[in-house]
Amino acid sequence: MQQYEPERLSPARAAAVRRSLRSGRAALTRRSLLRTATGGALAAGGLGALTGCGIPAAGKSEGGVPAEDHSKDEKQVRFSNWTEYMDVDDSGRRHPTLEAFTERTGVEVTYTEDINDNSEFFGKIQPQLAAGQETGRDIVVLTDWLAARLIRLGWVQKLDPANLPHAFANLSPQFRTPDWDPGRAYSYPWQGISAVIAYNKKALDGTEVTSVSDLLDDPKLKGRVGFLTEMRDTVGMMLLDMGKDPARFSDDDYDAAIDRLQKGVDRGQIRRFTGNDYTSDLSKGDLAACLAWAGDVVQLKADNPDIDFVIPDSGYVTSSDNMLIPNKARHKTNAERLIDYYYEPGPAAELAAYINFVCPVDGVKDDLAKLDEEAADNPLIIPDQAMQAKSHSFRSLSAEEETACEEKFAKLTGA
């Protein structure tokens, strides 16, 4: 097991933390920010994925530390999640899928929306985990880079496949083999996050945008293009456009991507690097096209018929928020039963209909169509096989790589 030692952030990585908290995916509270920006009522796109705190390089972990499992005697499970990340009824106080799970199993769910960003939550649970103590939680939902860190540190428990038949069978292929948890021994995705190209048809006025190269090279778009403040999304999409795999890039590949983006900045082609605040600029037409998060695009399209998206032929970048069971959790079996429950098509469809993120569960389309035909036909929520094949993940970075990458990205964005 890797010994945990508090990291001293470099100035660039500290700036990345501030940038992400201020305007990136970590600044969101799911629907709330987008509702303010657009007047809509459904899901905002980004997830809390700070790029500023380095993750250990992918590698073998000795596994987590179990505690005595009280699942049989204590019919409960304690679930910590992000805000606005669960279905609710019209009253806004009840969670139908959780209640259905309790009715079926007799297991009461204590559901807490106490995750506002990855780094802040890590600070809450790190002292207990480092000391070998219970966190008071049986399931936590963390973005992939932090999930990778906890797995590497040996702070989460290995899952029992016998309790996860639906999860094992129905996990979408695009989420099956992250380099930080091959085979999903320690985690299962809660929802996926995709970076795509969004555009305002009215603002484009006939100009065609199909690739990142179009964003950077078409003079008709000068000063009306946006890229994201999230390093992995912007650089990942740039690498794909250059024919490189974000899961296997070299230092030279990364530098070439930064250099190409820098030229776009120097020429005035790129208007600015944005967090979720691109939603307002895109809707108004101040941005003609930009990199965007799929969940945002779902709502923007619903509110504005001029908004649409494109998946480049080169592919797109996907990350995920993931369910994990911390060390010393008292109700491991109950937690696994709840994880597995959300991989049944019915509950997965109910969740997808409400939150509109990328559903990581295969076989939900028919159930979702009964609830929301538009959502069932939306590839940003239910990717078809062709779209899944275009999905790519950004590889794990060591702390040293993270520092170097963030320094270069901070210089590019002026952070």
Open item on the list: What I want to find out is whether E344 reaches R104 closely enough, with some N-O distance under 4.0 Å, to be called a salt bridge.
Closed with: yes
Task: Test applied, ring pair (Phe, Tyr, Trp, His ring centres under 6.0 Å); reference residue, Y188; option that passes from F175, Y343, F168, Y341 - done: Y343
Open item on the list: Surrounding CD of E134 (heavy atoms of other residues, nucleotides or ligands, distance under 6.0 Å), is the total greater than 12?
Closed with: yes
Open item on the list: What verdict does the side-chain contact (heavy atoms from CB on, under 4.5 Å) test give for C405 and M231, after you've listed the backbone C-alpha separation in whole Å, the side-chain angles of each residue and the deciding distance to 0.1 Å?
Closed with: CA-CA 8 Å; C405 288; M231 180 267 288; 3.9 Å; yes
- [ ] Quick one: pull up OG1 in T102 and NE2 in H95 and give me the separation to the nearest 0.5 Å.
- [x] 11.0 Å
Task: From K158 atom NZ to Y186 atom OH, the distance as rounded to the nearest 0.5 Å - done: 5.0 Å
Open item on the list: Please give me the minimum heavy-atom distance between V225 and Q269, naming the atom from each residue.
Closed with: CB-O, 3.6 Å
Open item on the list: Contact between I258 and V235 at the side-chain level, heavy atoms closer than 4.5 Å - yes or no?
Closed with: yes
TODO: Indicate whether the side chain of S393 and that of R232 have a donor and an acceptor atom separated by less than 3.5 Å.
DONE: no
- [ ] Using atom types as modelled and distance alone, determine if a side-chain donor or acceptor of N170 lies under 3.5 Å from a backbone N or O of V361.
- [x] no
Open item on the list: Check whether N356 reaches the backbone of A352 with its side chain - one donor and one acceptor, N or O, closer than 3.5 Å.
Closed with: yes
Open item on the list: For the backbone of N200 and the side chain of D306, can you confirm whether one donor and one acceptor N or O come within less than 3.5 Å of each other?
Closed with: no
Open item on the list: Would the distance check show the side chain of R224 and the main-chain N or O of K220 forming a donor-acceptor pair, the cut-off being under 3.5 Å?
Closed with: yes
TODO: For this output row, return yes or no: ring centroids of Y342 and W190 closer than 6.0 angstrom.
DONE: yes
Open item on the list: Quick check: closest heavy atoms across L228 and D233, and the distance to 0.1 Å?
Closed with: CD1-CB, 3.9 Å
Open item on the list: Regarding D252 and S250, do their side chains bring together a donor and an acceptor under 3.5 Å, going by distance alone?
Closed with: no
TODO: Give me the one residue out of E74, Q76, E68 that meets side-chain hydrogen bond (donor to acceptor under 3.5 Å, both in side chains) with R330.
DONE: E74
Task: E336 side chain to D160 backbone, donor-acceptor under 3.5 Å - done: yes
Task: Nearest heavy atoms of L300 and S283, plus distance in Å - done: CD2-OG, 3.4 Å
Task: Close side-chain approach of L159 and R184, heavy atoms under 4.5 Å - done: no
Open item on the list: Is it the case that the side chain of W82 and the backbone of V141 share a donor-acceptor pair, with hydrogens and angles ignored and the cut-off at 3.5 Å?
Closed with: yes
TODO: State, to 0.1 Å, how close T333 and S71 come at their nearest heavy-atom pair, and which atoms those are.
DONE: N-OG, 3.3 Å
Open item on the list: Contact between L221 and L204 at the side-chain level, heavy atoms closer than 4.5 Å - yes or no?
Closed with: yes
TODO: Would you indicate whether R176, at its atom CZ, is surrounded by more than 12 heavy atoms from other residues, nucleotides or ligands within a distance under 6.0 Å?
DONE: yes
Task: N-O pairing of D245 and R395 below 4.0 Å - done: no
- [ ] May I ask you to test the P182-T177 pair for a side-chain heavy-atom distance under 4.5 Å?
- [x] no
Task: Approximate separation, where rounding is to 0.5 Å, of E113 CD and E84 CD - done: 6.5 Å
TODO: Start with the C-alpha distance between K332 and D69, add both sets of side-chain angles, then the distance that settles salt bridge (Lys or Arg N to Asp or Glu O under 4.0 Å), and finish with yes or no.
DONE: CA-CA 6 Å; K332 181 174 184 286; D69 192 351; over 6 Å; no
- [ ] Would you check if the side chain of Q388 reaches a backbone N or O of P383 as a donor-acceptor pair within less than 3.5 Å?
- [x] yes
Task: Trace of the side-chain contact (heavy atoms from CB on, under 4.5 Å) decision for R94 with V88 - done: CA-CA 5 Å; R94 299 171 58 187; V88 298; over 6 Å; no
Open item on the list: To the nearest 0.5 Å, what is the distance between CG on D296 and OG on S194?
Closed with: 12.0 Å
Task: Closest heavy-atom pair and its distance - S187, W180 - done: OG-CZ3, 3.5 Å
Open item on the list: Once rounded to the nearest 0.5 Å, what's the spacing between atom CG of L291 and atom CE of M238?
Closed with: 9.0 Å
Open item on the list: Could you check whether atom CD of E99 has more than 12 heavy atoms from other residues, nucleotides or ligands sitting under 6.0 Å from it?
Closed with: yes
- [ ] Answer yes or no: is there a donor N or O on one side and an acceptor on the other, between the side chain of N327 and the main chain of G154, under 3.5 Å?
- [x] yes
- [ ] Kindly give the heavy-atom pair with the smallest separation between M237 and V212, and that separation in Å.
- [x] O-CG2, 3.9 Å
- [ ] Say whether, by atom type as modelled, one donor and one acceptor occur between the side chain of D218 and the main chain of D214 under 3.5 angstrom.
- [x] no
Open item on the list: Quick one: does any side-chain atom of N163 pair with a main-chain N or O of R337 as donor and acceptor, under 3.5 Å?
Closed with: no
- [ ] Mind checking the CG-CG spacing from N378 to D372? Nearest 0.5 Å is all I need.
- [x] 9.0 Å
Open item on the list: Testing the 3.5 Å rule here: is there a donor-acceptor pair between the side chains of D87 and T97?
Closed with: yes
TODO: Side-chain contact test, heavy atoms from C-beta onward, threshold under 4.5 Å: evaluate it for L371 versus D367 and give yes or no.
DONE: no
- [ ] Check whether any side-chain heavy atom of I355 lies under 4.5 Å from a side-chain heavy atom of M86, and answer yes or no.
- [x] no
- [ ] Apply side-chain contact (heavy atoms from CB on, under 4.5 Å) to V265 and F273, showing your working.
- [x] CA-CA 10 Å; V265 172; F273 292 84; 3.7 Å; yes
Task: Reference residue R78; test side-chain hydrogen bond (donor to acceptor under 3.5 Å, both in side chains); the match among T135, T110, D138 - done: D138
Task: Criterion side-chain contact (heavy atoms from CB on, under 4.5 Å) on I139 and L338, from CA distance to verdict - done: CA-CA 9 Å; I139 298 176; L338 184 57; 3.9 Å; yes
Would you give me the side-chain donor-acceptor pairs under 3.5 Å for residues 309-316, sequence neighbours excluded?
from, atom 1, to, atom 2, distance (Å)
Y316, OH, M387, O, 3.2

Open item on the list: Is it the case that the side chains of R137 and S80 hold a donor-acceptor pair, with the cut-off being a distance below 3.5 Å and no angle test?
Closed with: yes
- [ ] Please test R260 against D241 for salt bridge (Lys or Arg N to Asp or Glu O under 4.0 Å), starting from the C-alpha separation and ending with a verdict.
- [x] CA-CA 11 Å; R260 191 163 177 220; D241 189 72; 2.7 Å; yes
TODO: Answer yes or no on whether R149 is positioned over the face of F122, meaning its NZ or CZ is under 6.0 Å from the six-membered ring centre and within 45° of the axis.
DONE: yes
Task: Flag side-chain contact, heavy atom, 4.5 Å: M242 against D253 - done: no
Task: Residue pair D114 / T112, side-chain donor-acceptor N/O under 3.5 Å - done: no
Task: Side-chain touch T143/N322, heavy atoms, less than 4.5 angstrom - done: no
- [ ] Determine the interplanar angle of the F357 and Y85 rings, folded into 0 to 90°, and report it as parallel if under 30°, tilted if 30 to 60°, perpendicular if over 60°.
- [x] perpendicular
